[in-house]
S.K.: 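After the C-alpha cells below, expect a handful of questions from me.
Below, chains carry the letters A, B, ... as their sequence lines are ordered, and counting in each starts from 1. Side chains included, hydrogens not; waters and symmetry mates left out as well; all remaining heavy atoms used.
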Protein chains: 2
Amino acid sequence: MSSTSADQTGKQQEDTALSDLLRRGELFNQNCPSREILKHLTSRWGVLVLIALLERDHRFSELRRTVGGVSEKMLAQTLQTLEADGFVSRFSHPVVPPHVDYSLTPIGREVAEKVRDFADWIELNTSRILSAKPKGRVAAAR
Amino acid sequence: MSSTSADQTGKQQEDTALSDLLRRGELFNQNCPSREILKHLTSRWGVLVLIALLERDHRFSELRRTVGGVSEKMLAQTLQTLEADGFVSRFSHPVVPPHVDYSLTPIGREVAEKVRDFADWIELNTSRILSAKPKGRVAAAR
DNA sequence: CTGTATCCTCTTAGATACTG
DNA sequence: CAGTATCTAAGAGGATACAG
C-alpha cells in the first residue's frame, strides 16, 4: 500500500548493536522502505529485466523472448513495479497494433549497472562455485 | 581455499552491445545453473545475512537479532543454502549449551562485497527513489 | 501486439511446539 | 543455544482465455 506518512513513532524494537544501525541500519530494520526497494530490485525477473534494458530499449515481446522463461503475467507485473519505483519508463506508441517501448530512467540505469556488475560476477564464477561446493554434504537442493 | 585459478582475467565487461548476449547469455537461459546461484544470493534473507557476516562473524542468535524480522526457520534455511553453495562456513563448538559460529568463505566474502556495494547504493538512494516516484500513476502496490 | 482477468498450483514464510 | 517438525497463510508464478 505504499503509505506515505503514517509513521510508527513509538514502534522501535531495533535493539541490536547500536553502532551497526547507525552505520547501515536501514536494511536491517524491517520497517524501512528500503527493504521494499531491495525486494523489487532483487526479484526473480526484476534483475533480468534491468540487465536486458541496460543493453538496449526493448518492447514487451522482445523482453519476453530475451528473458528466458518469464510469463506474460510476471513480465507485466515486474515492469509495473519497476515503473512505479521510477526505474523504468514506458512509452506507448499510439499505433495499431500496439507498440510499447520500455527503457531505463537515469536512476534506473544507475541501479541496473550495479545489478549487471553483480550478475557478471555470478556468471564468471558459477563454475568455480559449483566445483567448490562441499560435496560430503547433501545440499538442500533448493 | 585456493581458487581454481580458472579463466577469469579480471574485468572485461566494458562493452554492452550485441556481443554481450553471446558472452553473458547464461542468466537469460532458464536452464543455466547460474540462475539458481542468483536466486540464492538475491533471496530475501540471503542478502542481509551476507552483509551481516561481512561485518564480522556471527553466531545463530546474533544473526537473528541483527537481521530484523527473520524467523528461526528462514534463517536456518538461508544459512544452509548459503553453506551448501560454499559461501558460508559453519563451525559448531563442542560445548554445552551449543555455540555455533557462522563466517564467510573466501568466495563468500567476494560475493558479499558485491552485495554490500549494491545494498549501500539502495540505502543511499532510497529517499531519492521515493521522492522521484511517478505520482500520477497508481502503483500496483505490491 | 500488449496487455488484463481468472483459475490453479507450488513455494515461501511465519507461528508454534518440540528436541539435543 | 541452536536448531527441527508441523501446520497454515500469503504470495509467486504459470496456463488459458479474452479485451483494447
S.K.: Within the structure, does a side-chain N or O atom of S61(A) lie under 4.0 Å from either OP1 or OP2 of dT2(C)?
M.R.: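 S61(A) to dT2(C) OP1/OP2: side-chain N or O found under 4.0 Å.
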S.K.: Anything under 3.5 Å between a donor and an acceptor, one on a side chain of residues 42-54 of chain B, the other on a protein residue two or more places apart or in another chain? List them.
M.R.:
{"unit_1": "T42(B)", "atom_1": "OG1", "unit_2": "L38(B)", "atom_2": "O", "d": "2.7"}
{"unit_1": "S43(B)", "atom_1": "OG", "unit_2": "H40(B)", "atom_2": "O", "d": "3.0"}
{"unit_1": "S43(B)", "atom_1": "OG", "unit_2": "G46(B)", "atom_2": "N", "d": "3.1"}

S.K.: Please state how far atom NZ in K39(A) lies from atom P in dG11(D), giving the value in whole angstrom units.
M.R.: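 Rounding to the nearest Å, NZ of K39(A) and P of dG11(D) are 8 Å apart.
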S.K.: Does Q80(B) make a side-chain N or O approach to OP1 or OP2 of dT4(D) shorter than 4.0 Å?
M.R.: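 True: Q80(B) side-chain N/O within range (under 4.0 Å) of dT4(D) OP1/OP2.
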S.K.: For the CD1 atom of I129(B) and the CG atom of L124(B), what is their distance to the nearest 0.5 Å?
M.R.: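 Spacing of CD1 (I129(B)) from CG (L124(B)) equals 10.0 Å.
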S.K.: Are R44(A) and dA12(D) close enough that a side-chain N or O sits under 4.0 Å from OP1 or OP2?
M.R.: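 For R44(A), the contact criterion (side-chain N or O under 4.0 Å from OP1 or OP2 of dA12(D)) is not met.
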S.K.: Calculate the interatomic distance between H99(A) atom NE2 and dG3(C) atom P; express it in whole Å.
M.R.: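 Rounded to the whole Å, the gap is 11 Å.
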S.K.: Say whether, by atom type as modelled, one donor and one acceptor occur between the side chain of N29(A) and the main chain of N31(A) under 3.5 angstrom.
M.R.: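 Answer holds: yes.
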S.K.: Among residues at least two apart in sequence or on other chains, which ones pass side chain to side chain donor-acceptor pair (under 3.5 Å) with R64(B)?
M.R.: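 Counting only residues at least two positions away or on another chain, R64(B) forms a side chain to side chain donor-acceptor pair (under 3.5 Å) with E72(B).
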S.K.: Rounded off to whole Å, could you give me the CG-to-P distance for the L75(A) and dG13(D) pair?
M.R.: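 Spelled out: CG on L75(A) to P on dG13(D) is 12 Å.
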S.K.: More 5' along DNA chain C: A76(A) or P97(A), using each one's nearest nucleotide?
M.R.: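 Whichever sits nearer the 5' end wins; that is P97(A).
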S.K.: Using a cut-off of strictly less than 4.0 Å, decide whether R90(B) has a side-chain nitrogen or oxygen near OP1 or OP2 of dG3(D).
M.R.: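 Indeed, a polar side-chain atom of R90(B) lies that close.
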S.K.: Without decimals, in angstroms, what is the distance between L79(B) CG and dA13(C) P?
M.R.: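 These atoms are roughly 14 Å apart.
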S.K.: Keeping S89(A) on the side-chain end and S103(A) on the backbone end, is there a donor-acceptor pair under 3.5 Å?
M.R.: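 No, S89(A) side chain to S103(A) backbone: no donor-acceptor pair under 3.5 Å.
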S.K.: Encode nucleotides 15-20 of chain D as B, S and - characters from 5' to 3', where the letter depends on protein heavy atoms closer than 4.0 Å: B to the base, S only to sugar-phosphate, - to neither.
M.R.: B----B
S.K.: State yes or no: are the ring centers of F91(A) and H93(A) separated by less than 6.0 Å?
M.R.: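 When the ring centroids of F91(A) and H93(A) are compared, they turn out to be at least 6.0 Å apart.
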S.K.: Whole-Å distance between dT4(D) P and R64(B) CZ?
M.R.: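 Taking atom P of dT4(D) as the reference, CZ of R64(B) is at 14 Å.
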S.K.: Look at the side-chain N and O atoms of R59(A) and state whether any lies under 4.0 Å from the OP1 or OP2 oxygen of dC1(C).
M.R.: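 For dC1(C), neither OP1 nor OP2 has a side-chain N or O of R59(A) closer than 4.0 Å.
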S.K.: In whole angstrom, what separates R35(A)'s CZ from dA13(C)'s P?
M.R.: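 After rounding, the reported distance stands at 12 Å.
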S.K.: Does dC1(C) have OP1 or OP2 sitting under 4.0 Å from an N or O in the side chain of Y102(A)?
M.R.: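 No, Y102(A) has no side-chain N/O under 4.0 Å of OP1/OP2 on dC1(C).
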S.K.: Would you kindly give the CE-to-P distance between M74(A) and dT9(C), to the nearest whole Å?
M.R.: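 So the CE-P distance, M74(A) to dT9(C), works out to 18 Å.
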S.K.: Walk me through whether E62(A) and R56(A) qualify under salt bridge (charged side-chain N to carboxylate O under 4.0 Å, His left out).
M.R.: CA-CA 11 Å; E62(A) 285 175 337; R56(A) 58 176 173 82; 3.6 Å; yes
S.K.: Counting side-chain heavy atoms from CB outward, which of dG3(D), dG14(D), dG3(C) is closest to V100(B)?
M.R.: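 So the side chain of V100(B) is nearest to dG3(D).
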S.K.: Round to the nearest Å and state the distance from Q30(A) atom CD to dG14(C) atom P.
M.R.: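 These atoms are roughly 10 Å apart.
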